[in-house]
Amino acid sequence: MRIDLHTHSNRSDGTESPADLVRSAREAGLDVVALTDHDTVSGWASAARAGEESGVRVVPGMELSTRSPHGVSIHMLAYVFDPAAPGLRAEARRSFEARIGRGQAIVERLAADYPISWDLVQEHTQPGTTIGRPHIADALVSAGVVADRGEAFATLLHGSSPYYVPHYAPEAVTAVRLIREAGGVPVFAHPLADSRGRVVGEDVFDELVAAGLGGLEVNHRDNPPAAKEWLTDYAHAHDLIVTGSSDYHGAGKPNRLGENLTAEDQLERILDQGLSVEAVLRGVEPS
Ligand code: AMP
Ligand code: FE
Ligand code: FE
Ligand code: ZN
């Protein structure tokens, strides 16, 4: 079984529609793919339909941007939860909406020095998409300011750039509790990806476990090799699920579908702890 539990469609900052992403998963030889767009579930219905057509099992998920008490960014994957559960739904919506004003604020700063506008960003974004820096990067590319998303993130959109503006994100422990309340399984995404910025220490891992954390995304390209060893040991010591995933963003990142995989027994643990996939998808309106 080839299982990839972390991918993004153009409902957030990936470049393929949810249905095309599932077809790409089939072509990449995957048996199971989780759709985990940032702060939205709007791709679930069409991904599930494409999964039925192409024989790929689709696991519904979401990646929430959260913060540690010291302000370190923590990405929390949530699997197989009730999207109508009010607490989680409200936090995802609040983040989704905060990202719009935050995107506009970044563009306003950039527009003082570069030929970009909010209209140009929207030209590169499907309606209803979770807006992020990648969409601003695409506008900068089309304006000829940078060559690709990577260059934009290394320079103008970096967290230390004067053009950078943060957005609202809930506390990570709150997110973990809300994901469990919604019947889902919280998995800490790329937990020691230090190339992305500051990472948290063991004390924060302990707090997340106490709050109900279900697993760690150990096998992800952004976790350095030594970190993967530490994470594996920590997961075993705390009986956490271990996942591996690509974090595919279509053409938006070099990450390829299936470049890291999750073992079948670990997927089983997620499916045992979470709600029924079929029941969750039945409750989602097609969009
Ligand atoms: P934001 O959530 O708006 O702060 O933007 C962060 C998102 O940008 C993450 O979800 C990443 O997928 C994406 N990202 C981060 N670094 C890069 C990069 N170097 N190239 C392309 N996308 C990136
Ligand atoms: Fe992303
Ligand atoms: Fe992430
Ligand atoms: Zn991701």
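Basis for what follows: all heavy atoms, side chains included, without hydrogens, waters or symmetry-related copies. One-based numbering, in listed order, for ligands and for the atoms of each. All residue numbers in this chain count up from 1 along the given sequence.
- The Zn ion (ligand 4) has an N, O or S atom of His8 inside 2.8 Å of it.
- Using a 4.5 Å heavy-atom cutoff, the side chains of Ile136 and Val107 are in contact.
- The residue from Leu77, Leu88, Ile74 that alone fulfils the side chain to side chain contact (heavy atoms under 4.5 Å, CB included) condition with Leu64 is Leu88.
- Checking His6 against the Zn ion (ligand 4), an N/O/S atom falls under the 2.8 Å cut-off.
- For the pair NE2 of His249 and NE2 of His38, the angle whose vertex sits at the Fe ion (ligand 2) is 130° to 10 degrees.
- Of all the N, O or S atoms in Asp13, the one closest to the Fe ion (ligand 2) is OD2.
- For a distance bound of 2.8 Å, the N, O or S atoms of His8 include none lying that close to the Fe ion (ligand 2).
- At a cut-off of 2.8 Å, Glu63 is counted among the residues with an N, O or S atom near the Fe ion (ligand 3).
- In this model, no donor atom of one side chain and acceptor atom of the other lie less than 3.5 Å apart for Glu91 and Thr174.
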Inset, instruction - For side chain to side chain donor-acceptor pair (under 3.5 Å), just list the numbers for His135 and Thr129, CA-CA rounded to whole Å, side-chain angles, deciding distance to a tenth of an Å, and then say yes or no. - result: CA-CA 10 Å; His135 304 102; Thr129 290; 5.4 Å; no

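- For a distance bound of 2.8 Å, the N, O or S atoms of His190 include one lying that close to the Fe ion (ligand 3).
- Here the N, O or S atom of Glu63 that is nearest to the Zn ion (ligand 4) is OE1.
- Closest N/O/S atom of Asp247 to the Zn ion (ligand 4): OD1.
- The distance between the ring centers of His236 and His238 does not fall below 6.0 angstrom.
- Using a 3.5 Å distance cut-off with no hydrogens or angles, the side chains of Asn255 and Ser246 do not pair a donor with an acceptor.
- Linking ILVMFWY residues whenever their side-chain heavy atoms come closer than 4.5 Å, directly or via other members, places Val145 and Val141 in the same cluster.
- His75 contributes ND1 as its N, O or S atom closest to the Fe ion (ligand 3).
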